[in-house]
Amino acid sequence: MATYFKCIWQIKSKFVTYTKSLGLGLGKTCKKKYYFLLRNPTSFPKTVYVSFSFFSWAVVNVSADYKKDLQDQENEWRKERIVSQYISLAEVAIKDSILCKCVRNLYESDEGCVLVEGDMDKAVNLLGKALKVSENTCIIGITCVYDMLATIAFKKGNVSEASQLLEEAIAKLSESNNKEDKNMLVNFSLKLARLYESDGKFDLAELGFRNCVAIQKNKYLKGAHDDETTTLWINSLFWYGKFLAQSKRYQEAKQCFESAYVLIPHVKSIGNEQAMVTLYNLGEMSFATGDNEGALKHLLNAVIIGKSLKSPDLPIYYNKIGLVYLYRGIHNEAKRWCTNGLEASARHHNKSVKKESEDCLKEIERLRTSKTKKQPSSTS
C-alpha cells in the first residue's frame, strides 16, 4: 500500500510540475485525479492509464500549439523588419525630394521639380508596399506608414485622401484590441479633426476635437499624468482653441488656451516655444474679448520668452502689442512697438509682417493728424 501511494504521489507531482511549466493551468485536473485515487485504490490501473493518455494528449497538443505560436511570432518579426526597411527607404526618398525642392528654389531648375515629384512618388510606392505586407494585421510601425502617407497626401493638396488614410489607420488600431482612449488613437483622431476642419467639415471637426479633449481630460483626472498623455491633452486643447477662434467663438477659445497654458509647466518634454505660442494665442483671445490688460500681460510674457529663444515670430508679437496700445489710445507706446515690429520684420525678411507694421504706423499718424485738426475747432 505504501508503494501504491508513493507511485500516485510521483504521478501527481510530475504532472503538476510539467503542466505548470507549460502554462497550461492543468494542476487542478491532476489534483482531482490524485484525490480520486486516494479514495478509490481499486481503480488504480485504469486511472493511471487514463492519466497518462491525457498527459500524452496534452503534451502533443501543447507542442503543436507552441510551434505554431513560434512560427506566427517569427512571421510577425519578419513583417516588422520588412515594414521598417520600407519606411527607412521612404524617408530617404522624402528627404531627397526636399533637397531637390531646395535646389529648384535656388536655381529655378525645371529638372529639380521633376525629381521632387519622382522621389515623392517613390516614397508613396514604398509605403504602399509596406501596407501590403501588413495586410490583415496591425504590427509595429504600420501606424507610421499611414501617418506618412496622409502627410504626403495633405502636402499635395489631397485632403480627402489624407482623411481617408487616417480613418483607415484608426479602424486598424481599433481592430487590434486597442481601447478607444489609447494615446495613439487619440493622436490620429486629433489629426483627422484638423483635416476635417481644413476640408470644411466643421461639424465632424468639432466632434473630433471635443472627443479628444474629453478622453485626455478623463485619463488625466484618473491619475494618468505621464508626459505623453498630458502633452496630447495640451495639443487637443490648443487645436480646439484654434478651431474655436476661427469660428469667432473667442471666449471658448480663450478658455482652451488658458487650460493648455496651465498644464504646460507639468510636462518636462514641452519647451518654451510652445509656451510662447500658447501665450500669444491667449493674448489674441483676450484682446478679442475686450480684455486689453490681460492681452498685454500675455503678449509681453510671450515676448520675454521669444527674446530668450531669438524667435523669428517676435515681429508679429511686437505688432500685436502696438495694436493693443493703439486701441487703448496710448499712441506713443503703440508707435514704439510697431516701430520695433518694422525693424525686426526687415531683419527677418518678412514682407507680410513688415506691411502690418507700416499699416499700424500709418494709422497712428492718421489719428494724430485728425486729433491735431480737431483741437483748433474745439477752442473756437
Side-chain angles (χ1 to χ4, degrees), residues 194 197-198 202 205-206 209-210 213 234-265 270-346 348 350-368 370-371:
R194 291 177 62 191
E197 181 187 3
S198 64
F202 300 119
E206 180 159 14
F209 285 127
R210 292 180 66 176
V213 170
I234 292 169
N235 290 340
S236 300
L237 285 165
F238 180 84
W239 289 112
Y240 187 33
K242 295 288 283 185
F243 170 81
L244 293 169
Q246 288 292 327
S247 305
K248 297 184 179 181
R249 293 156 62 181
Y250 301 126
Q251 192 60 47
E252 294 174 78
K254 182 181 176 183
Q255 291 173 359
C256 284
F257 292 128
E258 283 176 343
S259 299
Y261 184 67
V262 168
L263 289 167
I264 286 174
I270 290 183
N272 289 333
E273 187 174 0
Q274 189 161 352
M276 178 191 72
V277 173
T278 305
L279 277 169
Y280 173 74
N281 282 275
L282 187 52
E284 274 200 318
M285 293 305 100
S286 297
F287 180 59
T289 54
D291 181 12
N292 292 332
E293 289 294 332
L296 282 175
K297 181 184 74 173
H298 298 311
L299 290 169
L300 289 169
N301 284 332
V303 166
I304 292 170
I305 298 173
K307 284 183 176 179
S308 67
L309 297 173
K310 297 181 179 179
S311 172
D313 293 332
L314 278 173
I316 302 172
Y317 300 176
Y318 293 155
N319 286 345
K320 183 63 69 174
I321 293 172
L323 186 62
V324 175
Y325 276 120
L326 180 62
Y327 271 79
R328 291 184 65 188
I330 308 175
H331 295 162
N332 289 336
E333 283 297 308
K335 183 178 180 180
R336 182 168 73 87
W337 283 100
C338 287
T339 302
N340 289 339
L342 181 64
E343 294 171 353
S345 60
H348 290 286
N350 194 326
K351 292 181 180 179
S352 61
V353 178
K354 184 181 177 182
K355 188 178 183 308
E356 287 179 3
S357 303
E358 291 170 345
D359 291 343
C360 180
L361 289 169
K362 285 178 183 177
E363 180 63 18
I364 294 168
E365 191 61 33
R366 186 189 68 80
L367 290 171
R368 279 183 170 179
S370 62
K371 185 177 180 182

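Put simply, the side chain of Lys254 reaches to within 4.5 Å of the side chain of Glu258, judged on heavy atoms. By the 4.5 Å heavy-atom criterion applied to side chains, His298 and Tyr261 are not counted as neighbours. Under the 4.5 Å side-chain criterion, counting only non-hydrogen atoms from C-beta, Leu367 is in contact with Leu326. Residues Leu237 and Leu263 are in side-chain contact: their nearest non-hydrogen atoms beyond the backbone lie under 4.5 Å apart. Put simply, the side chain of Glu197 does not reach to within 4.5 Å of the side chain of Lys242, judged on heavy atoms. No side-chain heavy atom of Lys320 sits less than 4.5 Å from a side-chain heavy atom of Ile316. With a 4.5 Å cut-off on side-chain heavy atoms, Leu244 and Met285 do not count as touching. Side-chain contact between Tyr325 and Leu296 is present, with at least one heavy-atom pair separated by less than 4.5 Å.
Distance alone, capped at 3.5 Å, places no donor-acceptor pair between the Ser247 side chain and the Arg249 backbone. The closest donor-acceptor contact from the side chain of Asn319 to the backbone of Cys360 lies at 3.5 Å or more, if one exists at all.
Between Pro315 and His348, the shortest heavy-atom distance links the atoms CG-CD2, 3.9 Å. The two residues Gly294 and Ser286 make their nearest non-hydrogen contact at C-CB, 4.0 Å. Between Asn292 and Val324, the closest heavy-atom pair is O-CG1, 4.0 Å. The nearest pair of heavy atoms linking Ala260 to Thr278 is CB-CG2, 4.3 Å. Here the closest non-hydrogen pair linking Gly341 and Ser357 is C-OG, 3.2 Å. Gly283 approaches Leu299 most closely through the heavy-atom pair CA-CG, 4.2 Å.
Between Phe243 and Phe202, the two ring planes are tilted [angle within 30° to 60°]. The aromatic rings of Phe257 and Phe238 sit perpendicular to each other, their planes meeting at more than 60°, with 30° as the lower class boundary.
Atom CD1 of Ile305 sits about 5.0 Å away from atom CG of Leu279, to the nearest 0.5 Å. In this structure, Glu252 CD and Tyr240 OH are separated by 6.0 Å, a value rounded to the nearest 0.5 Å. A distance of 9.5 Å separates CG in Leu323 from CD in Glu356, rounded to the nearest 0.5 Å. Interatomic distance, Arg194 CZ to Phe209 CZ, rounded to the nearest 0.5 Å: 7.0 Å. Note that CD of Glu363 is 8.5 Å distant from NE2 of His331, once rounded to the nearest 0.5 Å. Atoms CD1 and CD1, on Ile364 and Ile330 in that order, are 11.5 Å from each other to the nearest 0.5 Å.
Crowding of Glu273 atom CD: a count of heavy atoms from other residues, nucleotides or ligands under 6.0 Å not exceeding 12.
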Does Glu293 form a salt bridge (charged side-chain N to carboxylate O under 4.0 Å, His left out) with Arg328? I'd like the steps, not just the answer. CA-CA 10 Å; Glu293 289 294 332; Arg328 291 184 65 188; 2.9 Å; yes
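Taking the charged nitrogens against the carboxylate oxygens, Lys351 and Glu358 have no contact shorter than 4.0 Å, which rules out a salt bridge. Taking 4.0 Å as the cut-off between side-chain N and carboxylate O, Arg336 and Glu333 count as a salt-bridged pair.
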